[in-house]
Amino acid sequence: MHRLKKLLSQLYTGWCLFWFVLIFLLLYPVVYISLQKENWKVVAHHCNRIWGHIFFFLAGMPVKIIYEAEIDPKKTYVFCANHFSYLDIALMGTVLKNYFAFVGKSSVKNIPLFGYMFTQLHIQVDRSSKGSRTKALTRSIKALKSGRSIMIFPEGGIHSTSFPQMVQPFKDGAFSMAIENQVPLVPVSLVDNYKVMPEILMWPHQIRVVFHAPIDTTGLTKKDLYDLKTQVYGVIQGTLDKYKA
């Protein structure tokens, strides 16, 4: 029975990868052209959302978005989500309606085609380098000041092996930039991705995304950073515990 399930998972993973790559390649010419000018990049952003919607539909992964409060697609936020699966980036690129920039690993730039798109559209960071972290924070703050939202996984990578428990303390970056720019911070709970893709192989499952109420940072200072991190961690972890069954 275990071997049969593994075989089915391998076949399903192959099916998903086929559509993932094919849709990306079909849209890539438009994406590439739109990356050549700054004011065209929003087109690449929309192409990524189209890519995601088609992929999740063809992969048989129905996406359910739960809003605990209104998220204004024209407003600037810092979005913070848990990070348990390689599927998280594709999902957030699909469900976020705001024009945003990811803050992600610099190693992504080595992926053919996708790496070029990511470096042009989003913000890279090498977390082992203090200089890179500082540069990424500066670019993120600049993006926020221009009215562009930021999407970040404050765990700093996939660390947990005890899903759905977040085992890595949140890093300061997302909270520092939200406080410095006095923009709302939105906790996001990715409830099911670790059930779909805990490692490399995938398995079909409904995907639920919970957008929590924005947390106002007006009047907050660096002294409030720890409390803000603790509040966001509690909101996300509480939801993951609620949906873990």
Side-chain angles (χ1 to χ4, degrees), residues 66-85 88-89 91-93 95-106 108 122-160 164-191 193 209-242:
I66 302 166
Y67 292 100
E68 293 187 345
E70 182 181 1
I71 306 297
D72 187 344
K74 295 182 180 180
K75 194 170 181 178
T76 304
Y77 301 96
V78 174
F79 294 92
C80 290
N82 59 291
H83 194 17
F84 290 163
S85 169
D88 296 342
I89 295 175
L91 180 61
M92 290 307 302
V95 300
L96 266 183
K97 297 179 181 179
N98 302 68
Y99 183 42
F100 73 95
F102 271 116
V103 178
K105 290 182 180 181
S106 58
V108 173
H122 301 295
I123 298 168
Q124 310 163 70
V125 58
D126 178 357
R127 296 195 182 277
S128 65
S129 166
K130 183 178 179 180
S132 178
R133 295 196 303 269
T134 301
K135 184 177 179 181
L137 181 60
T138 300
R139 289 186 62 193
S140 299
I141 290 172
K142 183 178 178 181
L144 289 170
K145 290 185 183 302
S146 73
R148 190 176 182 185
S149 293
I150 292 293
M151 169 61 222
I152 192 168
F153 300 114
E155 294 165 273
I158 301 175
H159 299 284
S160 181
Q165 181 66 45
M166 294 185 291
V167 298
Q168 186 74 10
F170 283 176
K171 299 185 182 299
D172 291 347
F175 309 94
S176 294
M177 66 179 76
I179 290 173
E180 180 170 336
N181 289 273
Q182 300 285 279
V183 300
L185 193 150
V186 180
V188 183
S189 297
L190 305 181
V191 177
N193 286 4
V209 183
V210 182
F211 283 90
H212 300 285
I215 299 172
D216 188 11
T217 61
T218 304
L220 297 186
T221 67
K222 290 183 178 180
K223 294 180 180 180
D224 301 298
L225 191 148
Y226 177 79
D227 289 340
L228 182 59
K229 284 201 300 181
T230 302
Q231 181 182 359
V232 173
Y233 184 98
V235 169
I236 296 175
Q237 188 61 60
T239 303
L240 295 175
D241 292 339
K242 176 182 175 182

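- A donor-acceptor pair is defined here as one N or O able to donate and one able to accept, closer than 3.5 Å; no such pair exists between the side chain of Ser132 and the backbone of Val125.
- In this structure Lys105 satisfies the side-chain hydrogen bond (donor to acceptor under 3.5 Å, both in side chains) test with no other residue, sequence neighbours excluded.
- Taking OH from Tyr226 and CZ from Phe170, the interatomic distance works out to 12.0 Å, rounded to the nearest 0.5 Å.
- Remark: of the listed residues Thr230, Ile236, Val235, Ile236 is the sole one forming a side-chain contact (heavy atoms from CB on, under 4.5 Å) with Val232.
- The two residues Arg139 and Gln124 make their nearest non-hydrogen contact at NH1-N, 4.2 Å.
- The distance from atom CG of Asn82 to atom OH of Tyr233, rounded to the nearest 0.5 Å, is 10.0 Å.
- Of all heavy-atom pairs spanning Asn98 and Lys74, the tightest one is ND2-N, 4.3 Å.
- No side-chain donor-acceptor contact under 3.5 Å links Thr239 to the backbone of Ser189.
- Atoms CD and OG1, on Gln182 and Thr221 in that order, are 9.0 Å from each other to the nearest 0.5 Å.
- Contact of the Pro184 side chain with the Lys75 side chain is registered, since non-hydrogen atoms from C-beta on lie closer than 4.5 Å.
- Shown here are the salt bridge (charged side-chain N to carboxylate O under 4.0 Å, His left out) partners of Asp172, two or more places apart in sequence or in another chain: Lys229.
- Exactly one residue among Thr218, Val78, Leu185, Leu220 makes a side-chain contact (heavy atoms from CB on, under 4.5 Å) with Ile179. That residue is Leu220.
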Would Gln237 and Asp241 count as a side chain to side chain donor-acceptor pair (under 3.5 Å) here? Give the steps. CA-CA 6 Å; Gln237 188 61 60; Asp241 292 339; 3.0 Å; yes
Would you check, one step at a time, whether the test side-chain contact (heavy atoms from CB on, under 4.5 Å) holds for Tyr77 with Met151? CA-CA 8 Å; Tyr77 301 96; Met151 169 61 222; over 6 Å; no
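- In this structure, Phe211 and Tyr67 have parallel ring planes: the angle between them is below the 30° cut-off, well short of the 60° mark.
- When all heavy atoms of Phe153 and Ala81 are compared, the pair lying nearest together is CD2-O, 3.4 Å.
- The side-chain heavy atoms of Ile152 and Phe100, taken from C-beta on, include no pair separated by under 4.5 Å.
- Considering Ile158, Asn193, Leu190 as possible partners of His83, the one that fulfils the side-chain contact (heavy atoms from CB on, under 4.5 Å) test is Ile158.
- In this structure, Gln165 CD and Phe84 CZ are separated by 7.5 Å, a value rounded to the nearest 0.5 Å.
- The minimum heavy-atom distance linking Met177 with Ile150 is given by the pair SD-CG2, 3.8 Å.
- Pro154 and Phe175 get closest at one heavy-atom pair: CB-CE1, 4.0 Å.
- Residue Gly173 comes nearest to Leu137 through the heavy atom pair O-CD1, 3.9 Å, listed as atom of the first residue, atom of the second, then distance.
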